[in-house]
Peer 1: 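To start, I am sharing the structure in question, which I have written as structure tokens.
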Protein chains: 2
Amino acid sequence: MQTQVTLRDVARAAKVSVSTASRALAGGGLTSKSTEARLQRIATELGYRPNTLARGLKTRTTRLVGLVVHNLTNASFRVLAEVVQRRLRAEGYQALLCITADDPEQEAVTIETLTDQRVDGLIICPTGRNGALLAVLEANGTPVTCVVRRDETVELETVLAADPEGAFAGTRHLLELGHRRIGLIVGRQETTSGRERLSGYRRALEEAGIPFDASLVHAGRYEPETGLAGCRQLLDRDDRPSALFAANHESSLGVLRGLAERNIVVPDDISLLCYEDVPGFAWQRPAISVVDSGANAMAELAADRLLQRLRPGAAPPAATAREYRIGARLIQRQSCRPVAP
Amino acid sequence: MQTQVTLRDVARAAKVSVSTASRALAGGGLTSKSTEARLQRIATELGYRPNTLARGLKTRTTRLVGLVVHNLTNASFRVLAEVVQRRLRAEGYQALLCITADDPEQEAVTIETLTDQRVDGLIICPTGRNGALLAVLEANGTPVTCVVRRDETVELETVLAADPEGAFAGTRHLLELGHRRIGLIVGRQETTSGRERLSGYRRALEEAGIPFDASLVHAGRYEPETGLAGCRQLLDRDDRPSALFAANHESSLGVLRGLAERNIVVPDDISLLCYEDVPGFAWQRPAISVVDSGANAMAELAADRLLQRLRPGAAPPAATAREYRIGARLIQRQSCRPVAP
DNA sequence: CCTTGCTCCGCAAACGTTTGCGGAAGCAAG
DNA sequence: CTTGCTTCCGCAAACGTTTGCGGAGCAAGG
């Protein structure tokens with residue numbers, strides 16, 4: 001347990017006052033060039049490392065930002081975590097990663113903890129039940145940007161996927177291939193993404209003049225079990241759909257299994273399109289066509305926006321917070337094929 | 001930007017000194033029961049939250065622990081991150097997640113940053129090139145536990161997978177099914193895990209009295225590309241192996257694709273066994289047999305060990321650090337089948 | 001020689017806690 | 001009434017920085 005070298009030590013070694021040492025190391029030209037250089041040298045010689053706690057206490061800024069997501073297994077969250085942490089680091093910030101399991105309770109204590117740590121900013125995928133806490137943070141001068149999901153109860157900067165367009169594009173793609181009965185496995189309708197993807201699907205149908213058939217959609221959690229259940233339900237119909245549109249990577253696992261169970265082969269017997277791109281989809285045979293929700297771009301933008309507001313010229317929290325949408329992109333691979341109408 | 005409520009404020013409101021307020025809220029019975037209760041009440045009424053920076057400055061402890069991994073896409077790291085963060089949180093610690101991309105350079109700055117943040121402890125999957133930095137940390141009283149990989153250059157508490165046994169068990173399983181030519185796709189031989197898995201494979205062969213054939217093993221990074229290359233190489237032989245043992249989840253993606261390319265079906269034409277269990281393997285058809293390296297248990301144990309050393313009764317850094325091994329487990333599913341010898 | 005202005009640096013006060021030390025009660029015993 | 005002990009609390013110092021303010025030194029201008 002040896003003792004850390006403090007600013008006093010380097011000041012003493014250089015025979016200057018602590019304040020001069022501080023200023024010299026800060027380097028804003030508040031000291032002469034010579035002492036600046038000398039102190040830099042002595043500091044590194046002694047292996048001086050500033051105490052971020054003391055500094056934070058004084059300057060009211062830790063270079064910490066909270067990053068809270070539901071889990072790390074979901075691909076979107078995974079890339080969110082990776083990208084955001086990388087971008088933050090490049091700007092000298094550290095990420096405090098927290099996982100809420102989509103549980104408002106845990107989210108609440110997480111937010112409290114992060115405020116206690118005096119984070120400079122927060123990137124969060126909100127459950128939507130703790131808007132008040134977030135609003136307080138923002139009001140106290142800590143920028144908050146929501147991502148992936150919106151918190152409907154409060155006005156905050158938010159970056160989202162273009163789910164309506166993505167689902168629309170995907171569905172239209174299938175329609176253009178001649179499919180008329182398209183099974184949709186989609187997220188819970190309590191979430192924005194669930195609702196928006198369904199609405200995109202409906203709009204595409206509508207534009208093609210095809211009546212909406214509610215029995216063709218199966219809503220549930222983003223889990224393999226949901227995919228399996230949906231797949232079974234849709235396959236047990238007399239007029240089996242000729243194409244399936246799966247909610248995300250995880251539910252697609254269930255769908256693929258459901259198809260395998262019945263020896264239905266993709267794309268010969270049925271077409272399969274998934275939301276959310278993951279490496280596995282590209283490597284798989286047949287490679288799965290997807291509409292990529294743009295997780296990467298979302299993460300980049302979220303980091304950008306927060307970083308922007310973290311910079312000195314802190315734009316005051318605009319009266320009405322901006323909302324950004326990341327375009328979705330259809331990636332055609334081998335899992336969809338045309339059928340005669 | 002409203003002002004935070006500080007300990008002074010609650011003290012003033014309660015008409016006691018700051019010290020009494022501090023002691024009352026700490027609750028160690030250093031104040032009378034009545035003032036303790038009164039201050040607790042007033043504190044929550046005012047919404048007082050202690051400033052962790054000030055506290056940390058004084059107590060030289062932050063309740064932060066660094067968690068550094070190579071990435072989040074690899075399943076082991078993903079569960080490591082999830083589990084560790086959950087366990088830490090349960091004990092009142094916060095995880096500082098850092099990603100090094102297996103780059104010693106980045107690892108070095110990461111470690112520096114974490115020491116600057118005065119983390120109380122560190123869980124790290126080391127690259128092996130920064131042992132000195134870690135040793136300094138440990139010597140300065142900050143417990144460090146390594147996980148997944150060992151840093152050979154320095155003595156630190158380490159929790160590892162039982163790779164030799166795992167590879168041995170997997171190989172023996174295939175041998176017991178009658179396989180004689182078993183292709184092995186394995187990690188780079190510069191890493192312990194790569195070497196250990198190969199040695200387990202060799203030992204199983206040896207015990208079965210089968211000569212080791214170096215041309216049956218393909219070493220490379222844990223990536224789909226490696227799996228694909230290895231698969232192709234092994235399949236292009238005249239005496240094609242009747243079973244494949246893949247290094248991990250990611251390389252298995254490549255292997256599966258290589259097999260699909262040649263219309264070789266698992267398990268009818270070839271048996272496939274993978275290292276490292278992920279949900280996808282169980283959902284896939286045929287479900288892939290694996291030897292589970294025990295990522296979950298590893299994470300739990302690593303968290304346990306660190307937490308243990310973080311407790312007040314700080315065991316002094318044992319002269320020679322302990323090394324823990326997590327048992328591997330063979331999970332039989334549908335991708336391996338017996339062959340006539 | 002005095003004033004003015006500029007450059008560089010030191011003094012000391014903060015930031016919000018925790019904690020050693022000592023003092024003020026209260027009470028019982030002598 | 002004094003003594004001694006216990007219980008509770010306040011004073012003030014400390015943790016390691018940053019920063020406003022002012023002072024010393026020096027050069028130039030009047």
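Lettering of chains follows the sequences in order, A, B, ..., and the numbering in each one begins at 1. Hydrogens, waters and symmetry mates play no part in the numbers below; they use all other heavy atoms, side chains included.
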Peer 1: Kindly write out the residues that satisfy side chain to side chain donor-acceptor pair (under 3.5 Å) with Thr44(B), not counting sequence neighbours, or none if the list is empty.
Peer 2: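 Result, side chain to side chain donor-acceptor pair (under 3.5 Å) vs Thr44(B): none returned.
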
Peer 1: Taking OP1 and OP2 of dT7(D), is either one under 4.0 Å from a side-chain nitrogen or oxygen of Ser32(B)?
Peer 2: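 The answer is no; no side-chain N or O of Ser32(B) sits under 4.0 Å from OP1 or OP2.
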
Peer 1: Holding to side-chain contact (heavy atoms from CB on, under 4.5 Å), I want the full list of residues that pass it with Arg55(B), two or more places apart in sequence or in another chain.
Peer 2: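 In terms of side-chain contact (heavy atoms from CB on, under 4.5 Å), with neighbours along the sequence ignored, Arg55(B) is linked to Pro50(B), Thr59(B).
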
Peer 1: Return the set of residues passing side chain to side chain donor-acceptor pair (under 3.5 Å) with Ser32(A) (not counting sequence neighbours), or none when no residue passes.
Peer 2: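 Ser32(A) satisfies side chain to side chain donor-acceptor pair (under 3.5 Å) with Ser34(A), Thr35(A) once adjacent residues are dropped.
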
Peer 1: Could I get the full list of side-chain contact (heavy atoms from CB on, under 4.5 Å) partners for Glu107(B), not counting sequence neighbours?
Peer 2: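 Counting only residues at least two positions away or on another chain, Glu107(B) forms a side-chain contact (heavy atoms from CB on, under 4.5 Å) with Thr100(B), Ile111(B), Ile124(B), Pro126(B), Thr127(B), Asn130(B).
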
Peer 1: For Glu36(A), which residues count as a side-chain contact (heavy atoms from CB on, under 4.5 Å) partner, sequence neighbours excluded?
Peer 2: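 Scan of Glu36(A) (side-chain contact (heavy atoms from CB on, under 4.5 Å), adjacent residues dropped) gives Thr31(A), Lys33(A), Gln40(A).
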
Peer 1: For Glu82(B), which residues count as a side-chain contact (heavy atoms from CB on, under 4.5 Å) partner, sequence neighbours excluded?
Peer 2: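 Glu82(B) satisfies side-chain contact (heavy atoms from CB on, under 4.5 Å) with Asn71(A), Leu72(A), Thr73(A), Ile99(A) only.
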
Peer 1: If you fit an axis to the five pairs at each end of the helix from dC1(C)-dG30(D) to dG30(C)-dC1(D), how big is the angle between those two axes, to 10 degrees?
Peer 2: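 The two end axes of the helix from dC1(C)-dG30(D) to dG30(C)-dC1(D) meet at 70°.
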
Peer 1: Heavy atoms under 4.0 Å is the rule here; annotate nucleotides 12-22 of chain C 5' to 3' with B where the base is hit, S where only the sugar-phosphate is, and - elsewhere.
Peer 2: B-BBBBBBB--

Peer 1: What's Thr52(B) touching, base or sugar-phosphate or nothing? Going by heavy atoms closer than 4.0 Å.
Peer 2: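 The answer is nothing, as Thr52(B) stays clear of every strand by at least 4.0 Å.
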
Peer 1: Whole angstrom is fine here: how far is it from CZ in Arg38(A) over to P in dC8(C)?
Peer 2: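 Computing the Arg38(A):CZ to dC8(C):P distance gives 14 Å.
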
Peer 1: Can you sort out the partners of Gln106(B) under side chain to side chain donor-acceptor pair (under 3.5 Å), two or more places apart, ordered by chain and number?
Peer 2: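 In terms of side chain to side chain donor-acceptor pair (under 3.5 Å), with neighbours along the sequence ignored, Gln106(B) is linked to no residue.
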
Peer 1: Using the six-membered ring of Tyr93(A), assess whether NZ or CZ of Arg89(A) lies under 6.0 Å from its centre and within 45 degrees of the ring axis.
Peer 2: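 No, Arg89(A) does not lie over the aromatic ring of Tyr93(A).
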
